[in-house]
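Computed from a predicted structure; not experimentally measured. In what follows, every chain begins at residue 1, and chains take the letters A, B, ... in the order their sequences are listed.
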Amino acid sequence: MNEIYNPNPTILKTAGKRGTRASSGLWDLDEGLAGGCGLCDDHSVSESIDQNEVFDLVRFITDPEHKHMTLEELMVVSAPQCSVSNETNRVLIEFTPTVPHCGMSTVIGLTLRVRLLRALPNRFKVDIRVKPGSHQSENELNKQLNDKERVAAALENPALLIVLEECLESAQNRVRGHAHQ
Amino acid sequence: MSLVSELPVHRSASQTGHQDRAWAIAWNPTKPLLASCSADKTVRLYNYRITPPSSEDEPSSYGEGLKFELNTSIATGHAKTVRALAWSPSGNTLATGSFDSNVGIWQQVGGEDEEGAWECVSSLEGHETECKGVAYSASGTLLASCSRDKSVWVWEVLPDADFECMGVLMEHSQDVKSVAWHPREEILASCSYDDTIRIWIDDPQDDWDCVAILRGHTSTVWSISFSPDGDYIASGSDDRTVRIWKRVTQYKWDCVQVLEGYHDRTIFSVAWGEGKLGSLGWIASASSDGQIIVYQVNVKGGIEVRVLTKAMSAHDVYDVNCIAWCPRKGLENYLASCGDDGSVRVWKVQVGK
């Protein structure tokens, strides 16, 4: 935690509100990925979820390095980077590390996984990856983030758990806050 | 020829109990006892008895069944998840491997009557990080353990719950996920996050030596199991395939079969049992996709594998973490499984009629 991997991250100005579809207009660059999200089931049964709901769960997670900024503001996650299949019960998040050598990517990936583990129905199998080409150790990161034994062991590490809970606090509070509006 | 559907796999017992993910199960080789371990840091022991056909517990068409009840729940004292289990061949000792990096050795104190409590008689410290696998050799004189620290340790089992480290095998380049012994010889296999399987023997002149590296899987190898005759190894991987390796010379193993297209998520466990049919018995594979698949293996010139039966959502929506065939005579068609739901289930593969 002593080394700063990205002292000057690019920041997205967010609308600051939950559930805003307007933000998806900012993501023209990601059209390819958004198109790949044809998995989403429109004629859904009552319990089905969509990519915006998944995004809403993770957007306010704060960055482990820039603790006052959210993953949405840092453009680490966006709605098109969250894909859902209600038929096969799969959720995939492809996040973008702020810099290709970001040493915090494992922690960010873990926060995404833990958030979804806690918030999504049990029927969903979750895969967390970095967006192709966005990190120099892409394969190693993907392998680690999807090895459930390593994830389970990481979550029994008290020091790491403190960092994760700090990052997750804001996401959990803001969703709760919204529920009272 | 026909692919038998779910029907012949009959869930004869279901035990919910663990408070958290159940990682492993192990049948006692000599007594009617089944052990399971969990992230909740406990080990649970279940007794079972054979129930006659057409008793009220068991539809008559399924023949005899097994009835389970909880014997005891052991609060292991491990500081973290209990990841792995192994019974000694005598059935008197249980080894536990934990994320706290230690291996626990458990025996029933106060004789072998049913009342004796299970106590930790020894704790093997050596691994630097999570222990992920434990296994006793066929003779019961050696115990192997493996860890995220990339090492495999071989321990000699001495009298009075004493253990001596015989070797620290350091050749894997990543976490060692599991270890398994040959059913007769002192040959050890280990599999790893480095995508390989390694074969080890005790060099009389030297230390334990890696005599073969089995390459072919394209991702983490989670589980390995020797065939009952010892001439083959089955391996299950994150690459979603099961591979079958044949011993072609003393220390050379070749991949002779790749079973792909059956699972669509990580395969966490493979188990090769005697089965009731097939010249080489039955392989079972279990996966994050929720399926348990049973394959029958025959040798006719080459090796011939076909799906005998499967259970689709074996632990409902949850991952299946471990499967194990009952090693006891006459019960070779019983398979135990455990999953992320914390439950342990026992399946009977129906044959004939």
Side-chain angles (χ1 to χ4, degrees), chain A residues 39 41 44-49 54 83-94 106 109-110 113-130 132 137-162 164, chain B residues 20-21 23-24 38-41 78-84 97-101 129-133 146-149 173-178 192-195 218-223 237-239 264-266 268-269 287-290 313 315-322 339-342:
Chain A
L39 294 166
D41 188 7
S44 49
V45 273
S46 56
E47 283 181 31
S48 71
I49 57 165
V54 173
S83 39
V84 179
S85 166
N86 285 290
E87 281 134 13
T88 58
N89 296 322
R90 304 288 159 89
V91 169
L92 167 66
I93 295 185
E94 286 190 314
T106 313
L110 267 178
R113 180 170 285 285
V114 171
R115 179 74 181 119
L116 296 188
L117 277 176
R118 290 178 181 174
L120 284 179
N122 291 327
R123 66 190 166 92
F124 285 100
K125 306 280 184 189
V126 174
D127 291 306
I128 307 288
R129 298 199 196 118
V130 292
S137 311
E138 185 178 323
N139 292 337
E140 285 162 50
L141 259 177
N142 288 341
K143 193 171 187 179
Q144 180 161 7
L145 288 172
N146 294 294
D147 181 309
K148 80 172 195 187
E149 191 179 33
R150 280 201 172 188
V151 169
L155 297 182
E156 289 189 356
N157 174 340
L160 182 56
L161 208 53
I162 288 170
L164 290 177
Chain B
D20 202 338
R21 168 184 289 153
W23 272 113
S38 161
D40 71 9
K41 303 173 188 132
H78 278 299
K80 293 180 176 177
T81 288
V82 185
R83 171 65 181 94
S98 166
F99 282 178
D100 71 7
S101 80
T129 55
E130 302 94 80
C131 176
K132 300 183 170 208
C146 63
S147 161
R148 184 165 67 87
D149 67 11
S173 63
Q174 295 286 345
D175 319 16
V176 188
K177 289 292 197 183
S178 186
S192 166
Y193 190 88
D194 69 12
D195 306 352
T218 57
S219 191
T220 303
V221 188
W222 278 85
S223 175
S237 164
D238 180 53
D239 69 13
D264 68 354
R265 289 185 73 80
T266 306
F268 291 126
S269 184
S287 163
S288 168
D289 68 11
S313 299
H315 283 258
D316 307 315
V317 299
Y318 296 92
D319 291 7
V320 188
N321 293 323
C322 183
D340 275 358
D341 57 352

In Å, rounded to the nearest 0.5 Å, how long is the span from OG of S288(B) to CG of D127(A)?
8.0 Å
How long is the gap from CD on Q144(A) to CD on Q174(B), to the nearest 0.5 Å?
9.0 Å
Sequence neighbours left out, what passes salt bridge (charged side-chain N to carboxylate O under 4.0 Å, His left out) with R118(A)? Give chain and number order.
E165(A)
D289(B) CG to T88(A) OG1 distance, which is reported to the nearest 0.5 Å
11.5 Å
Mind checking salt bridge (charged side-chain N to carboxylate O under 4.0 Å, His left out) for K125(A) and listing every partner two or more places apart, or none if nothing turns up?
D319(B)
Most contacts with chain A, counted as non-hydrogen pairs under 4.5 angstrom, among D238(B), D100(B), D340(B), T266(B)
D340(B)
Report, in residue-number order, which members of residues 147-156 of chain A are under 4.5 Å from chain B by heavy-atom distance.
D147(A), K148(A), E149(A), R150(A), A152(A), A153(A), E156(A)
Spatial distance of atom CG (N122(A)) from atom CG (D316(B)) [nearest 0.5 Å]
10.5 Å
What part of Y318(B) lies closer than 4.5 angstrom to a heavy atom of chain A: side chain, backbone, both or neither?
both
Please enumerate all residues that pass salt bridge (charged side-chain N to carboxylate O under 4.0 Å, His left out) together with D264(B), with sequence neighbours excluded.
R90(A)
